[in-house]
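Counting starts at 1 for both ligands and their atoms, in listed order.
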Amino acid sequence: MRKPIIAGNWKMNKTHGEAVSFIDEIKGNIPSSEEEVETVVCAPALFLKEMKDKAAGSDVKIGAQTMHFEESGAFTGEISPAALKDLGITHSIIGHSERREMFNETDESVNQKLHAAFQYGITPIMCCGESLEQRENNQTEQIVRDQVEKGFAGISAEKAPDVVVAYEPIWAIGTGKSSTAEDANETCGTVRKVLAELYDENTAEAVRIQYGGSVKPENIDGYMEKEHIDGALVGGASLKPDAFLQLVEAGRNE
Ligand code: 13P
């Protein structure tokens, strides 16, 4: 049985004060991650420490939105996985399409970051997904297959179940045009099929796969009901405490 995982991706939103008061508002209402649903807020790096401190004693986990694969060095502006670990940061999004498109993230760097995440005990939320053009050219399966194969290269069968995969079709991100639950489930099923080919059925069955792209309280149930969808990675709707709590509640009721 896969435990659902609901993660907010705040992107470049909120100030420090807003970030900390968000955690204050939600933390009393987060279900136990031991049995029910895992709750993660992936915030700008600037706020992680204080959010983590504020979340103490609750089951809200705090994640980064990206990280570098090297421990330290001349990488101006980058975020060290060792520094994240030191702060008690448990998750990091890796290979979000915005980072692939705007910040030269490649399948190779995604793979290096997956390895680094394991080295530093950080759970990677590895994003994949096709553009509108690729979808219209019927390339969705091939694109996602390629991203998963390259992203997981060299990751052992023991570690693979600890990767969270987020399938986020690029045309659905921030557009209000969410994928149908059927289409999202089909592509999440493709991710699982590729993992079964790379590893084995049991390993593939253990990996949690999120859908992301215009998920909101009004449409999350449709996704959560589906066989291959184990949670959501949510941008815009994760910014408001009430909406975020509703999303977590929907994950819990899966
Ligand atoms: P929206 O939920 O705003 O579409 O963003 C999705 C996303 O990119 C999450 O990583």
Side-chain angles (χ1 to χ4, degrees), residues 4-14 18-19 22 26 37-45 47-48 51 61-67 79 89-103 105 110 113-114 117 122-132 134-135 140 143-144 147-148 151 163-181 183-185 187-188 191 208-224 226 229-251:
I5 174 165
I6 305 296
N9 173 12
W10 282 359
K11 310 191 180 185
M12 197 175 73
N13 289 294
K14 294 197 188 288
E18 290 165 351
F22 180 98
I26 65 163
V37 55
E38 199 170 347
T39 306
V40 189
V41 180
C42 297
F47 318 141
L48 295 178
M51 289 173 68
K61 294 179 178 157
I62 307 297
Q65 296 175 7
T66 184
M67 56 172 232
I79 300 165
I89 298 309
T90 50
H91 294 69
S92 179
I93 298 172
I94 292 185
H96 191 279
S97 60
E98 286 152 18
R99 297 215 53 95
R100 291 179 189 257
E101 282 182 351
M102 292 184 271
F103 302 100
E105 192 91 73
V110 167
K113 290 176 182 197
L114 241 61
I122 293 167
T123 300
I125 302 177
M126 192 202 94
C127 299
C128 61
E130 81 288 358
S131 67
L132 184 59
Q134 289 163 340
R135 182 165 200 89
T140 300
I143 293 292
V144 167
Q147 289 171 332
V148 172
V163 180
V164 177
V165 178
Y167 165 59
E168 298 204 309
I170 296 169
W171 47 270
I173 294 178
T175 57
K177 288 188 208 147
S178 51
S179 169
T180 64
D183 284 351
N185 186 52
T187 307
C188 291
V191 171
R208 291 177 298 169
I209 306 175
Q210 297 174 308
Y211 166 72
S214 298
V215 175
K216 35 188 190 271
E218 301 78 56
N219 65 12
I220 189 169
D221 288 342
Y223 299 111
M224 295 305 297
K226 294 290 179 198
I229 302 179
D230 309 308
L233 182 57
V234 187
S238 75
L239 292 167
K240 296 212 174 85
D242 284 359
F244 187 67
L245 285 173
Q246 286 175 52
L247 293 163
V248 171
E249 193 58 32

**Request:** Identify the protein heavy atom lying closest to atom 2 (O) of ligand 1, giving its residue, its atom name and the separation to 0.1 Å.
**Result:** Gly235 N, 2.8 Å

**Prompt:** What's the shortest distance from atom 7 (C) of ligand 1 to any protein heavy atom, and which residue and atom give it?
**Reply:** Glu168 OE2, 3.2 Å

**Item:** Nearest neighbour in protein (non-hydrogen) for atom 3 (O) of ligand 1
**Value:** Gly236 N, 2.9 Å

**Asked** In terms of ring plane angle, is the pair Tyr211 and Tyr223 parallel, tilted or perpendicular, where the classes change at 30° and 60°?
**Response** parallel

**Message:** Tell me whether Lys216 reaches ligand 1 (any heavy atom closer than 4.0 angstrom to a ligand atom).
**Reply:** no

**Item:** Protein contact of atom 5 (O) of ligand 1 - nearest heavy atom, named by residue and atom, plus distance
**Value:** Lys11 NZ, 3.3 Å

**Asked** Where the side chain of Gln210 meets the backbone of Val165, is there a donor-acceptor pair that is under 3.5 Å apart?
**Response** no

**Item:** Validation row, ring centre Trp10 to ring centre Phe47 under 6.0 Å
**Value:** no

**Prompt:** Out of curiosity, is Ser214 lining ligand 1, as in a heavy atom under 4.0 Å away?
**Reply:** yes

**Item:** ligand 1 atoms in contact with Ala172 (distance to a heavy atom under 4.0 Å)
**Value:** 4 (O)

**Prompt:** Salt-bridged, Lys226 to Asp183, with N to O below 4.0 Å?
**Reply:** no

**Sub-4.0 Å heavy-atom approach of Ala237 to ligand 1** = no

